[in-house]
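A quick write-up on the structure given underneath.
Bear in mind that the values here come from a model prediction, so they are computed numbers and not experimental data.
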Amino acid sequence: MQTSPVHATAIDAAVAALRRGELIGLPTETVYGLAADAMNASAVAKIFALKGRPSEHPLIVHLACAEQLSDWAIDLPDAAKLLAKAFWPGPLTLILKRAARVGDWITGGQSTVGLRVPNHPLALRVLTAFGSGLAAPSANRFGHVSPTTAGHVRAEFGAALPIVLDGGAAAVGIESTIIDLSQSLPRMLRPGQIGRREIEAVIGPITEGAAATSPRVSGSLRAHYAPHTPALLCPRRQLAARAHALAAAGRIALVLSIGDLPATTDGRALPTQANGYAQQLYAALRDLDARAADCLLIEWPRKQRSWTAIRDRLQRAVAGSTDAD
Ligand code: TXA
Ligand code: MG
């Protein structure tokens, strides 16, 4: 692993801040996290205060390696070991029965804990130097679009978060896949880049969606990951007509398209491949949001397996909007 002196100093400062019970902005391969010492209740309380997040929502604990699993979880099923071996470090969070030392301040009082080893060199260096788990939700204010660059994190929190490690643009761009292994049948609680088929290839059949007995997942709230501008999903063939109808009514509509923007529309064009699209999605939503339009028209991707997680995030991004027509 490359060790640049700038990063070495920055990492030392970040680890010292974490030891003092302060928060840092931490890059991961999915989205940036707002990290605190997971064993320090008052440090973790600062995450909830800064994000404006309800305190009963549980946090993911980030680890340096899978060997640390047994410090945080008990009754580890074989599926946990297999998935950790197959996908860690990587964009997969496992929900497991919590070890006794894991406080209610992490789990929101639930008997389970979410654990993940992120696949980002800076995050792994911080975690290794810190030597224990870091609680980190996405580094955005509650309900807002997750940050995928250090600049996004600074824009969210400004001077309230003096240390933000810059690890470049997140490579995955959407939050980790969450698999609940705390009940008899493994269950996908949040889709992500690692898809259901890939999980099933390792551990056999799983189910999807929250059960009545499932732990609470804030990312599963209907309106989440949302831009401020009212947004709606629209099939490609209707994008231009809707944009023009809004313009005729004196309203500014911006388009977020897959591939080229339709002629005579304004907005952003994203890659046609799911992974490339996901990597740029949140940055594009932030850019479009900053233009203070009346409405975002988001091209609704076709129903293909590789777009499942993107469709999930887009649905949530528009859920809080009333129809802009
Ligand atoms: O990719 C990610 O997962 C990013 C990066 C920073 O690691 N983190 C992230 O954290 O998305 P957050 O807090 O924004 O979303 C984590 C989700 C939440 O919906 C939370 O409710 C859920 O994980 N979660 C955490 N612990 C849980 C538990 N014990 N049971 C059920 N859900 C849990
Ligand atoms: Mg989040």
Nearest 0.5 Å, what's the CG-CZ distance between L63 and F130? 11.5 Å
Can you tell if the side chain of T148 reaches within under 4.5 Å of the side chain of L281, non-hydrogen atoms only? no
Residues at least two apart in sequence or cross-chain that pass side-chain contact (heavy atoms from CB on, under 4.5 Å) with P89, listed by chain then number, are V117, N119, L124
Salt bridge D71-R101, side-chain N to carboxylate O under 4.0 Å: no
Just so I know, are the side chains of M188 and T177 near enough to count as touching, which here means a heavy-atom distance under 4.5 Å? yes
Which residues share a side-chain contact (heavy atoms from CB on, under 4.5 Å) with E67, sequence neighbours left out: C65
From CD1 (I199) to CZ (R187), nearest 0.5 Å: 14.5 Å
Heavy-atom closest contact (L18 atom, A35 atom, distance): CD2-O, 3.7 Å
Heavy-atom pair with the smallest gap, counting every atom of T308 and R305: OG1-O, 2.8 Å
Roughly how far, to the nearest 0.5 Å, is OG of S257 from CG of L270? 7.0 Å
For Q315, does its backbone N or O pair with a side-chain atom of W300 as donor and acceptor, under 3.5 Å? no
Determine whether L94 and L83 satisfy the following criterion, side-chain contact (heavy atoms from CB on, under 4.5 Å), listing intermediate values before the conclusion. CA-CA 9 Å; L94 300 179; L83 289 176; 3.8 Å; yes
Return the minimal non-hydrogen interatomic distance between P227 and L285, and the atom names on each side. CG-CD2, 4.5 Å
Are T30 and S176 close enough that a side-chain donor and a side-chain acceptor fall under 3.5 Å? no
Any sub-3.5 Å donor-acceptor pair from K46's side-chain atoms to G21's backbone N or O? yes
L288/R268 under side-chain contact (heavy atoms from CB on, under 4.5 Å): CA gap, chis, key distance, verdict: CA-CA 8 Å; L288 292 175; R268 282 283 303 267; 3.8 Å; yes
Would a hydrophobic clustering, with Ile, Leu, Val, Met, Phe, Trp and Tyr connected at side-chain separations under 4.5 Å, put V202 with W88? yes
Show your working on side-chain contact (heavy atoms from CB on, under 4.5 Å) between I47 and L59 and close with a plain yes or no. CA-CA 10 Å; I47 294 178; L59 299 174; 4.0 Å; yes
Are L69 and L76 side-chain neighbours, meaning at least one heavy-atom pair lies under 4.5 Å? yes
Closer than 3.5 angstrom, by distance alone: can the side chain of D289 be matched with the main-chain N or O of H228 as a donor-acceptor pair? yes
Set of residues satisfying side-chain contact (heavy atoms from CB on, under 4.5 Å) with respect to E156, sequence neighbours excluded: N140, R141, H144, R286
Donor-acceptor side-chain pairing of E175 and S146 below 3.5 angstrom: yes
Report yes or no: does T128 contribute a side-chain atom to a donor-acceptor pair with the main-chain N or O of R125 at less than 3.5 Å? no
Measure from NZ or CZ of R302 to the centre of the six-membered ring of W307, then state whether that distance is under 6.0 Å and the direction lies within 45° of the axis. no
Quick one: closest heavy-atom pair of T229 and A293, and the distance? CG2-O, 3.2 Å
Flag if over 12 foreign heavy atoms under 6.0 Å of CD, Q273: no
Indicate yes or no: at least one non-hydrogen side-chain atom of L96 is less than 4.5 angstrom from one of P77. yes
Taking NZ, NE, NH1 and NH2 as the nitrogens, is one of them in R116 or E29 under 4.0 Å from a carboxylate oxygen of the other? yes
Sub-3.5 Å donor-acceptor pair from the side chain of H120 to the main-chain atoms of G167, do we have one? yes
Hey, is R291 close enough to D287 for a salt bridge, meaning N to O under 4.0 Å? no
Using side-chain heavy atoms (C-beta onward) and a distance below 4.5 Å, is F157 in contact with L23? no
Y32 and L26, any side-chain heavy atoms less than 4.5 Å apart: no
Please report the interatomic distance CD1(I95) to OG(S111), rounded to the nearest 0.5 Å. 11.0 Å
Contacts of type side chain to side chain donor-acceptor pair (under 3.5 Å), residue N40, not counting sequence neighbours: S42
Backbone N or O of I206 within a donor-acceptor pair of the E200 side chain at under 3.5 Å? yes
Taking the six-membered ring for Trp and the full ring for Phe, Tyr or His, determine whether the centres of H57 and F142 are under 6.0 Å apart. yes
Quick note, ring-ring contact (aromatic ring centres under 6.0 Å, His included) partners involving residues 234-258, not counting sequence neighbours, are none
Determine the minimum heavy-atom distance between R190 and I60, stating which atoms define it. NH2-CD1, 4.2 Å
In short, I163 meets A17 closest at the heavy-atom pair CD1-CB, 3.7 Å
Please check if any side-chain donor atom of T107 sits under 3.5 Å from a side-chain acceptor atom of R98, or the reverse. yes
Check whether any side-chain heavy atom of L134 lies under 4.5 Å from a side-chain heavy atom of V61, and answer yes or no. no
So, the side chain of K51 versus the backbone of S138: is there a donor-acceptor pair under 3.5 Å, distance only? yes
Are the side chain of E299 and the backbone of I258 linked by a donor-acceptor contact shorter than 3.5 Å? yes
Do L82 and L181 belong together in a cluster built from hydrophobic side chains that touch within less than 4.5 Å? yes
Carefully, step by step, assess V126 and L165 under the rule side-chain contact (heavy atoms from CB on, under 4.5 Å). CA-CA 10 Å; V126 171; L165 292 176; 3.5 Å; yes
At what distance, to the nearest 0.5 angstrom, does CH2 of W72 lie from CG of L115? 8.0 Å
In this structure, OG1 of T149 is separated from CG of D166 (nearest 0.5 Å) by 7.5 Å
Without swapping roles, check the side chain of Y277 against the backbone of P301 for a donor-acceptor pair under 3.5 Å. no
Does D12 have any salt bridge (charged side-chain N to carboxylate O under 4.0 Å, His left out) partners at least two apart in sequence or in another chain, and if so, which? none
Does the side chain of L297 come within less than 4.5 Å of L232's, by heavy atoms? yes
